[in-house]
Number of protein chains: 2
Amino acid sequence: MIGAGPMTECYVFRVGLTVNYAPESTDNAAAALATIRQMIETGKLPANGRLPTERELAAELGCGRRTVRRALDTLETEGLIWRKQGSGTFAGQPPDPAGALAAEIAPDADPLVVMEARLCIEPALADLCAKRATGEDVEKLRKLARRASQPLDADTAELWDGALHRAIARIAGNRVMLTAFALLDEVRMGAEWQEKRHRARTAETMTLYDRQHRDIIDAIERRDGQAAAAAMRAHLEALSENLKASMERSET
Amino acid sequence: MIGAGPMTECYVFRVGLTVNYAPESTDNAAAALATIRQMIETGKLPANGRLPTERELAAELGCGRRTVRRALDTLETEGLIWRKQGSGTFAGQPPDPAGALAAEIAPDADPLVVMEARLCIEPALADLCAKRATGEDVEKLRKLARRASQPLDADTAELWDGALHRAIARIAGNRVMLTAFALLDEVRMGAEWQEKRHRARTAETMTLYDRQHRDIIDAIERRDGQAAAAAMRAHLEALSENLKASMERSET
DNA sequence: TCCTGCACCAATCATCTATTGGTCCGCATA
DNA sequence: TATGCGGACCAATAGATGATTGGTGCAGGA
């Protein structure tokens, strides 16, 4: 399987490995960990980011598979690699499944349609968030809101705003809803849509949005789901109005 | 998924066909069209909504494949069916690309989490639906509700119920929300989840659900979005309660 | 106590085969 | 001529099979 099959690139890696590192060591476990870590950080692996199989690594490093697995466990908890049964071990972060779906609808997504969808989903998320947020969570939200309100430039403020809404979705603690929101979030970042939104950012609206953000977080802190949903709805409606106005302006 | 092989259910359909309709006619093309159309509208087809293959239809109707294809062309332009090369011909609307995403979360999806997500999304969809449904749309919804209430067996009733909720999502007319709903819908069909739901179907609940379906559609017909959302919420809460009860029962 | 070697399971991938819709052509019949 | 039947072929898909890969447990040795 090394010469002809899809594993050819492993050979390149393997040569580099046997040349650079010494497979023999007193403490096999630590040595294996260090070797694999270095292998990832030097980036000497195929384009997929795919590492050799555990059995191959064990053979190359001259240690048992169990030892290799312990090393990989460490790297996995560090977030350096991710594994999938039947598929393999890969360097970097696991892929986001929502991205591909979003690409399907993003091209012809009308900003107003996206806003309508946000008005459907995000108030419900704020409601759930209010029911489940811990004190620590609320603190995080406040920090994000502060960042979004600081008058650096419109672009970074926009990023912190997105992070705030995303945090609310995450704290809501429903995996299915989180995936739905991720889908929405990806679509929202469409190119034309982003361009149109830029014009809707002024000093007045910034202070208005900051006020609304605080309303939402206050309601969440009070564990008042209804109020949180209402505040979120008001916020999104303000965004929507602003968007409509800027779209009309750009048409004239 | 009914008998042993994947094609067993076609036999059931075929029997009904040869009994009810006369394959012989003076004008084969028109007769074939009428026969297939009737077959779709009476709903006598397997759970997937899959029609027999073109070759089977030709043999059953006693006409050539070319004639069958012309009839199917007509039905396709009418939006009654959709076809996919290598896969088959299906009744209803083509599916959204959300399936792949759903498969990611489906395995470890807690039925209660799914219900919570439905409670977030579907009332909002009912609201939008009320704002945009035409008279024709309402008529379709009523037809679906009738089908879901007919006491055939719990399995097919469940299918028509799903079709009703899906139709509401489609009529809501927001592509992003439709994709989000499709995601939810796919997750809902997880295997264990389906098994647990079976126990929650009794004669009493069926009549309750029928009443709630009619409440939803009535509100949609009155263009009362608030009421439609509330009715949908009540319906889903009833489903949720029933689910919880059946889960507790199965634990003891 | 730590590591190795081994066996087995479950998920996935690669591959092949059968099926299915899409298309074209020749022929028969009215 | 027009319509329809029969057949052949292509491209895309589904189903089934075998190999590969990570996940797990167990026995034995240093």
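Throughout, a chain's letter reflects where its sequence line sits, starting with A, and its residues are numbered from 1.
In this structure, A/Arg55 atom CZ and C/dC9 atom P are separated by 14 Å, rounded to whole Å. Rounded to whole Å, the distance from CG on A/Leu61 to P on C/dG5 is 13 Å. Rounded to whole Å, the distance from CD on B/Glu56 to P on C/dT20 is 6 Å. Here the C1' atom of nucleotide C/dC6 and the CD atom of A/Glu54 are 15 Å apart, to the nearest Å. The distance between atom CZ of A/Phe90 and atom C1' of D/dT20, rounded to the nearest whole Å, is 12 Å. As rounded to whole Å, 16 Å separates atom P of C/dC25 from atom CZ of B/Arg65.
Applying the side chain to side chain contact (heavy atoms under 4.5 Å, CB included) rule to A/Ala169 yields the partners A/Leu125, A/Leu178, A/Phe181; only residues at least two apart in sequence or on another chain are considered. Every residue meeting the salt bridge (Lys or Arg N to Asp or Glu O under 4.0 Å) condition with A/Arg65, not counting sequence neighbours, appears here in chain and number order: A/Glu54. Residues passing the side chain to side chain contact (heavy atoms under 4.5 Å, CB included) test with B/Ala34, sequence neighbours excluded: none. Under the side chain to side chain contact (heavy atoms under 4.5 Å, CB included) criterion, B/Thr134 pairs with B/Glu136, B/Asp137, not counting sequence neighbours. Not a single side chain to side chain donor-acceptor pair (under 3.5 Å) links B/Arg66 to another residue, sequence neighbours left out. By the side chain to side chain contact (heavy atoms under 4.5 Å, CB included) test, B/Lys84 is found to be paired with B/Trp82, B/Ser87, residues two or more places apart in sequence or in another chain being considered.
Judged by distance alone, the side chains of A/Asp185 and A/His165 never bring a donor and an acceptor atom under 3.5 Å apart.
For residues 30-39 of chain B, the set of pairs meeting the salt bridge (Lys or Arg N to Asp or Glu O under 4.0 Å) definition, not counting sequence neighbours, comprises B/Arg37-B/Glu78.
The stretch residues 66-76 of chain B touches DNA chain D through B/Thr67, B/Arg70, each having a heavy atom under 4.0 angstrom from the strand. For the segment residues 81-88 of chain B, the set of residues with a heavy atom within less than 4.0 Å of an atom of DNA chain D comprises B/Lys84, B/Gln85, B/Gly86, B/Ser87, in numerical order.
You'll find that the side chain of A/Thr53 is closest to D/dT21, out of D/dT21, D/dC5, C/dG21. Closest to the side chain of B/Arg50, out of C/dT20, D/dA8, D/dG22, is C/dT20.
Taking 4.0 Å as the cut-off between side-chain N and carboxylate O, B/Arg147 and B/Asp161 do not count as a salt-bridged pair.
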